[in-house]
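Structure, as structure tokens:
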Amino acid sequence: QVQLVESGGGLVQAGNSLRLSCAASGRSSFAMGWFRQAPGKEREFVAAINWSFGSTYYADSVKGRFTISRDNAKNTVYLQMNSLKPEDAAVYYCAAAGRSYMRRIDYAQGDEYDYWGQGTQVTVSS
């Protein structure tokens with residue numbers, strides 16, 4: 001099993017940046033991703049990365065502004081968020097997938113992930 005702990009959330013003004021971290025412990029994962037959920041809205045995919053190969057996937061809404069990366073030595077995945085917008089405000093969750101294979105489309109599906117962190121709040125002021 002995998003344990004995930006997010007950190008780095010906070011309050012930021014629109015247009016500024018924030019970096020989220022997710023430290024993983026336990027067995028290795030095939031892929032890790034970031035999802036977010038705003039009040040009254042469904043959870044949505046943000047970004048994902050294949051742990052072994054480093055291939056990345058992004059939601060259209062954040063592509064070009066957010067960057068997901070990993071540090072193998074630290075077993076940590078990051079989400080660098082630039083040019084933040086008020087609509088980016090949400091609780092951000094990191095997730096880990098234990099399966100050995102995922103199609104491109106699977107990376108954006110929350111049901112494909114087996115483990116979830118507790119979430120970290122990101123607030124963006126305008």
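Bear in mind that the values here come from a model prediction, so they are computed numbers and not experimental data.
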Open item on the list: Could you check whether any side-chain heavy atom of Met81 comes within less than 4.5 Å of a side-chain heavy atom of Val122, counting everything from C-beta outward?
Closed with: yes
Task: Residues Tyr101 and Asp106: side-chain donor-acceptor under 3.5 angstrom - done: no
Open item on the list: Tell me the closest heavy-atom pair linking Gln80 and Ser17, and the distance in Å.
Closed with: NE2-CB, 3.8 Å
Open item on the list: Quick check: closest heavy atoms across Gly117 and Tyr93, and the distance to 0.1 Å?
Closed with: O-CD2, 3.6 Å
- [ ] Give a yes-or-no answer on whether the side chains of Glu44 and Gln37 include a donor-acceptor pair shorter than 3.5 Å.
- [x] no
- [ ] To the nearest 0.5 angstrom, please state how far the CD atom of Gln3 sits from the CZ atom of Arg27.
- [x] 14.0 Å
Task: Pairwise distance CG(Leu18) to CZ(Phe66) - rounded to 0.5 angstrom - done: 9.0 Å
Task: Main-chain N/O of Ser83 paired with Arg65 side-chain donor or acceptor, under 3.5 Å - done: yes
Task: Check ion pair Arg99-Asp114 (N to O, under 4.0 angstrom) - done: no
TODO: Return yes if some donor-acceptor pair links the side-chain N/O of Gln118 with the main-chain N/O of Glu6 below 3.5 Å, else return no.
DONE: yes
Open item on the list: Hydrogens and angles aside, do Arg36 and Tyr92 bring a side-chain donor and acceptor to less than 3.5 Å of each other?
Closed with: yes
TODO: Apply the test side-chain contact (heavy atoms from CB on, under 4.5 Å) to residues Tyr78 and Ser69: give CA-CA distance (whole Å), side-chain angles for both, the deciding distance (0.1 Å), then the verdict.
DONE: CA-CA 5 Å; Tyr78 304 95; Ser69 61; 3.7 Å; yes
Open item on the list: As an exercise, state the distance from CG of Leu4 to OG1 of Thr76, rounded to the nearest 0.5 Å.
Closed with: 10.5 Å
- [ ] Without swapping roles, check the side chain of Thr120 against the backbone of Gly9 for a donor-acceptor pair under 3.5 Å.
- [x] yes
Task: Qualifying ring pair (Phe, Tyr, Trp, His ring centres under 6.0 Å) pairs, either residue in residues 2-43, two or more places apart - done: Phe35-Phe45, Phe35-Tyr113, Phe35-Trp116
Open item on the list: Which heavy atom of Ser126 sits nearest to which heavy atom of Ala14, and what is that distance?
Closed with: CA-CB, 4.3 Å
Open item on the list: As a quick check of understanding, evaluate side-chain contact (heavy atoms from CB on, under 4.5 Å) for Arg70 and Trp51, giving each step before the final call.
Closed with: CA-CA 7 Å; Arg70 75 200 194 289; Trp51 195 259; 3.7 Å; yes
Task: Close side-chain approach of Leu84 and Gln13, heavy atoms under 4.5 Å - done: no
TODO: Could you tell me which non-hydrogen atom of Arg43 sits nearest to which non-hydrogen atom of Gly110, and how far apart they are?
DONE: NH2-CA, 3.7 Å
- [ ] Of all the heavy-atom pairs spanning Ala89 and Ala38, show the shortest one and how long it is.
- [x] O-CB, 3.7 Å
- [ ] For the residue pair Lys85 and Val124, establish whether any side-chain heavy-atom pair is separated by less than 4.5 Å.
- [x] no
Identify each donor-acceptor pair in which a side-chain atom of residues 54-62 lies under 3.5 Å from a protein atom, sequence neighbours left out, and give them as a table.
| from | atom 1 | to | atom 2 | distance (Å) |
| --- | --- | --- | --- | --- |
| Ser55 | OG | Tyr57 | OH | 3.4 |
| Tyr58 | OH | Ile68 | N | 2.9 |

